[in-house]
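Step one of this worksheet: look at the structure below.
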Amino acid sequence: QVQLVESGGGLVQAGDSLRLSCAASGLTFDAYSMGWFRQAPGKERELVATVSRTGITTYYVGSVKGRFTISRDNAKNTVFLQMNSLKPEDTAVYYCAAKFGSMISGGVDYWGQGTQVTVSS
């Protein structure tokens with residue numbers, strides 16, 4: 001059974017950093033592009049970052065570019081989201097996602113349960 005389990009969320013002050021982790025099991029990890037989404041109260045779920053199967057190609061939504069870094073360790077079946085210079089508007093539930101092959105098109109195949117990130121002013 002496929003599982004994506006996020007960890008690392010919490011309550012921090014503006015300007016602080018957090019590192020989210022997503023541990024994957026039950027799938028051939030390096031066959032999947034991985035991504036992070038977030039959903040803030042009253043907002044639509046938003047794609048934050050993606051990383052290709054090899055970890056070489058990344059994408060970031062403009063609002064986090066230069067502050068967040070997505071990476072993966074295929075030997076450990078884990079994807080990370082390093083979040084620096086956090087802002088209150090980053091407050092959201094963050095979800096790990098996996099898609100077979102490329103993340104370019106089509107729907108997400110698997111979702112994690114989400115982890116709460118709260119950034120206070």
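- Taking every heavy atom of both residues into account, Leu27 and Ala98 meet most closely at CD1-CB, 4.3 Å.
- The list of side chain to side chain donor-acceptor pair (under 3.5 Å) pairs with a residue in residues 10-27, not counting sequence neighbours, reads Ser17-Asn84.
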Can you give the donor-acceptor pairs under 3.5 Å from side chains of residues 110-121 to other protein atoms, not counting sequence neighbours?
{"unit_1": "Gln113", "atom_1": "NE2", "unit_2": "Glu6", "atom_2": "O", "d": "3.3"}
{"unit_1": "Gln113", "atom_1": "NE2", "unit_2": "Glu6", "atom_2": "OE1", "d": "3.2"}
{"unit_1": "Thr115", "atom_1": "OG1", "unit_2": "Gly9", "atom_2": "N", "d": "3.4"}
{"unit_1": "Gln116", "atom_1": "NE2", "unit_2": "Ala92", "atom_2": "O", "d": "3.4"}
{"unit_1": "Gln116", "atom_1": "NE2", "unit_2": "Thr118", "atom_2": "OG1", "d": "3.2"}
{"unit_1": "Ser120", "atom_1": "OG", "unit_2": "Val12", "atom_2": "O", "d": "3.3"}

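- Judged as a side-chain contact (heavy atoms from CB on, under 4.5 Å), and not counting sequence neighbours, the contacts of Ser85 are Arg67.
- The closest donor-acceptor contact from the side chain of Arg45 to the backbone of Tyr95 lies at 3.5 Å or more, if one exists at all.
- Considering every non-hydrogen atom in both Met103 and Lys99, the closest pair reads SD-CB, 3.7 Å.
- Counting heavy atoms from C-beta on, the side chains of Leu18 and Phe68 never come closer than 4.5 Å.
- Leu47 and Phe80 fall into different hydrophobic clusters, where Ile, Leu, Val, Met, Phe, Trp and Tyr are joined by side-chain heavy atoms under 4.5 Å apart, directly or via other members.
- Leu81 and Val51 fall within the same hydrophobic cluster, where Ile, Leu, Val, Met, Phe, Trp and Tyr residues are linked whenever their side-chain heavy atoms come under 4.5 Å apart, directly or through other members.
- The salt bridge (Lys or Arg N to Asp or Glu O under 4.0 Å) pairs that include a residue from residues 101-117 number zero, where partners must be two or more places apart or lie in different chains.
- Contact record, Gly26 with Val2: O-CG2, 3.3 Å, taken as the closest heavy-atom pair.
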*Taking it one step at a time, do Val79 and Trp36 satisfy side chain to side chain contact (heavy atoms under 4.5 Å, CB included)?*
CA-CA 9 Å; Val79 62; Trp36 289 93; 3.9 Å; yes
Show me the donor-acceptor pairs, under 3.5 Å and distance only, between side chains in residues 58-66 and residues at least two apart or in other chains.
{"unit_1": "Tyr60", "atom_1": "OH", "unit_2": "Ile70", "atom_2": "N", "d": "2.9"}
{"unit_1": "Ser63", "atom_1": "OG", "unit_2": "Arg38", "atom_2": "NH2", "d": "3.4"}

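- Grouping the Ile, Leu, Val, Met, Phe, Trp and Tyr side chains by contacts below 4.5 angstrom, directly or via other members, places Leu11 apart from Leu86.
- Between atom CZ of residue Arg53 and atom OH of residue Tyr32 there is a gap of 11.5 Å, rounded to the nearest 0.5 Å.
- With sequence neighbours excluded, the residues that form a side-chain contact (heavy atoms from CB on, under 4.5 Å) with Ala75 are Asp73.
- Note that CD1 of Ile56 and CZ of Arg72 are 11.0 Å apart. Values are rounded to the nearest 0.5 Å.
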*Evaluate the criterion side chain to side chain contact (heavy atoms under 4.5 Å, CB included) for residue pair Leu4 and Met34; output intermediate values, then yes/no.*
CA-CA 11 Å; Leu4 304 177; Met34 301 296 295; 4.2 Å; yes
